[in-house]
Amino acid sequence: MSRIAYVNGRYVPHREAVVHVEDRGYQFADGVYEVCEIFDGVMMDEERHLDRLERSLRELRIAMPVAREALEAILREVVARNRIKNGIVYLQVTRGVARRDHPFPKTPVRPALVVTAKSHNLEAMDAMAEKGVAVIEAEDDRWSRVDIKTVSLLPNVLAKQEAVEAGAREAWLVDDEGFVTEGSSTNAWIITKDGVLVTRPAEFGILRGITRTTLIDVIEAHQMRYEERPFTIAEAQDAAEAFITSATSLVLPVVTVAGKTIGQGKPGLVATALRKALREEVVRTAQAERAFDPV
Ligand code: PDD
C-alpha cells in the first residue's frame with residue numbers, strides 16, 4: 001500500500017509530496033513540529049500535543065495553519081489513509097513561503113502544513129525495552145529556547161549521530177554546570193537507590209515532553225516519590241535505574257550511562273512497570289475522549 005501525505009490542503013502520494021524551495025522551514029528552520037504516537041489505532045496524548053503545538057507557534061508568532069478541529073480531522077485522515085495501527089503521525093508547520101529574507105515576510109503568508117505518518121514495529125520496540133539501551137554523554141550546545149519544539153534540530157542530530165556511532169541509542173546532553181538537560185530526542189530520568197524518581201524541571205533548558213508530563217500523572221496517581229531537579233552523569237551512573245521518555249520511546253529503560261552499567265545491567269523493575277502503566281493510562285484517556293467525541 002502506498003503512503004499518503006497531507007501537504008497544504010491536499011492528500012498526495014508520499015513520493016510526490018513536496019514543498020516549495022523557498023519555504024522558510026527549508027531555508028531558516030523557521031517552523032515547529034509534533035510527533036504523536038499511535039498505539040493500537042489510537043492517537044496518544046493528542047490534546048496535549050496540540051496544546052504544545054499552539055504554544056510553540058505563539059512563541060514564534062506563527063498562526064495556526066487551520067483551526068484546531070480541522071487539524072484534528074487531518075491527523076485522523078492521514079492515520080486512516082495510511083492504515084496505521086502502531087506508528088507515529090508527524091506534523092510540521094512553517095512560517096510559509098516567501099522570497100528569502102531574514103525578517104518575517106512583510107506581506108503575511110499562509111503558514112505551511114505538512115502531515116505524514118508511518119508504521120513501526122511494536123514487537124521490535126518492546127524487545128528493545130526488554131533489553132534496555134545505552135546512552136552516551138554529549139555537550140549541550142543548543143540555543144536557549146529548547147522549550148519551543150522547532151525543526152531547528154542540528155545539534156540534536158549531531159548528538160544522536162555520535163550516539164549511534166558509539167553503538168548507543170541516545171546522547172544525554174550536559175549543560176555548562178555539568179547537569180544533564182535531556183536526551184537529543186527524549187527526556188532523561190533516573191531512579192535513586194532510595195527509590196526516588198528524578199527528572200530535570202521543565203521551566204527552561206529542556207523540552208516539556210508530553211510523555212514526561214503524562215508519566216508524572218501516572219507517578220502521582222501511584223503515589224510514588226519523585227523530584228524535579230537536575231542530576232549529573234555521575235549521579236546517573238550510581239542510580240538504581242535510569243530511563244528515557246518520548247512519544248516514540250514511551251518509557252525506555254537505560255542500562256548503560258556513558259560507559260558504566262546501571263544496577264544489574266538490565267531494565268529495572270520500576271521502569272518496566274512504568275512503561276506498562278503509561279501505555280495503559282494513555283490508551284484509557286484516548287478511549288475516554290473518543291467516547292465523548294465519536295468520529
Ligand atoms: N522528540 N526532548 C527532545 C529534545 C525531543 O525532541 C523530544 C521528542 C522529547 C520528548 O517529548 P515527547 O514526550 O513530547 O515526545 C524531549 C520527538 C519524538 C522527535 O523529535 O521525534
Side-chain angles (χ1 to χ4, degrees), residues 25 29 31-39 43-56 59 75 84 86-93 114-120 125 128-129 133 135-164 169-175 179-189 197 199-219 228 230 242-252 254 271 274-275 278-279 281-282 285-286:
V32 304
Y33 76 105
E34 282 295 330
V35 176
C36 274
E37 173 85 352
I38 313 293
F39 178 66
M43 210 178 305
M44 293 162 96
D45 285 323
E46 183 182 4
E47 295 308 315
R48 281 179 167 161
H49 280 284
L50 293 179
D51 288 347
R52 185 173 64 186
L53 174 75
E54 288 184 344
R55 175 183 182 274
S56 296
E59 292 295 317
L75 293 175
I84 307 291
N86 296 300
I88 58 147
V89 58
Y90 173 88
L91 82 93
Q92 176 171 321
V93 181
V114 169
V115 180
T116 58
K118 66 176 180 190
S119 295
H120 56 215
M125 294 178 87
M128 189 193 300
V133 299
V135 299
I136 61 159
E137 167 184 12
E139 186 190 342
D140 192 341
D141 52 6
R142 300 174 299 164
W143 73 325
S144 61
R145 292 306 311 276
V146 295
D147 56 301
I148 306 171
K149 199 163 171 61
T150 87
V151 293
S152 170
L153 289 172
L154 194 50
N156 309 58
V157 166
L158 296 177
K160 185 76 93 186
Q161 183 61 22
E162 219 178 302
V164 169
R169 175 75 183 175
E170 181 58 297
W172 276 3
L173 308 177
V174 176
D175 68 15
F179 292 107
V180 173
T181 53
E182 60 184 329
S184 68
S185 66
T186 56
N187 289 119
W189 296 72
L197 287 136
T199 195
R200 189 178 172 109
E203 271 61 52
F204 54 89
I206 68 166
L207 179 77
R208 189 184 289 274
I210 303 302
T211 321
R212 175 191 180 283
T213 302
T214 303
L215 186 65
I216 290 175
D217 288 348
V218 171
I219 289 166
E228 288 183 80
F243 61 90
I244 54 180
T245 56
S246 76
T248 39
S249 312
L250 292 177
V251 171
L252 184 58
V254 168
L274 284 174
R275 180 176 173 87
L278 178 75
R279 192 175 269 169
E281 168 63 19
V282 286
T285 312

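Excluded from the calculations below are hydrogen atoms, water molecules and symmetry mates; all remaining heavy atoms, backbone and side chain alike, are included. Atoms within a ligand are numbered from 1 in the order they appear, just like the ligands themselves.
For Glu37, the closest heavy-atom approach to ligand 1 does not fall below 4.0 Å. The shortest separation from a heavy atom of Ser249 to ligand 1 is not under 4.0 Å, leaving the residue out of contact.
Considering backbone and side-chain atoms together, Ala247 places an N or O closer than 3.5 Å to an N or O of ligand 1. Where the criterion is an N or O separation shorter than 3.5 Å, residue side chain and backbone included, Asn187 fails it with respect to ligand 1.
Pairs passing the salt bridge (Lys or Arg N to Asp or Glu O under 4.0 Å) check and including a residue from residues 147-157, sequence neighbours excluded, read Arg55-Asp147, Arg145-Asp147.
In terms of protein heavy-atom proximity, atom 18 (C) of ligand 1 is nearest to Thr248 OG1, 3.9 Å. With respect to atom 2 (N) of ligand 1, the closest heavy atom belonging to the protein is Glu182 OE1, 2.7 Å. Nearest non-hydrogen protein atom to atom 21 (O) of ligand 1 is Val35 CG2, 3.7 Å.
Listed by chain and number, the residues in a side-chain hydrogen bond (donor to acceptor under 3.5 Å, both in side chains) with Glu137 amount to none (sequence neighbours excluded).
Using a 3.5 Å distance cut-off with no hydrogens or angles, the side chains of Arg48 and Thr214 do pair a donor with an acceptor.
Heavy-atom proximity to Gly209, at under 4.0 Å, picks out these atoms of ligand 1: 11 (O), 12 (P), 13 (O), 14 (O).
Annotation: Arg169, atom CZ; neighbour count of heavy atoms from other residues, nucleotides and ligands within 6.0 Å does not exceed 12.
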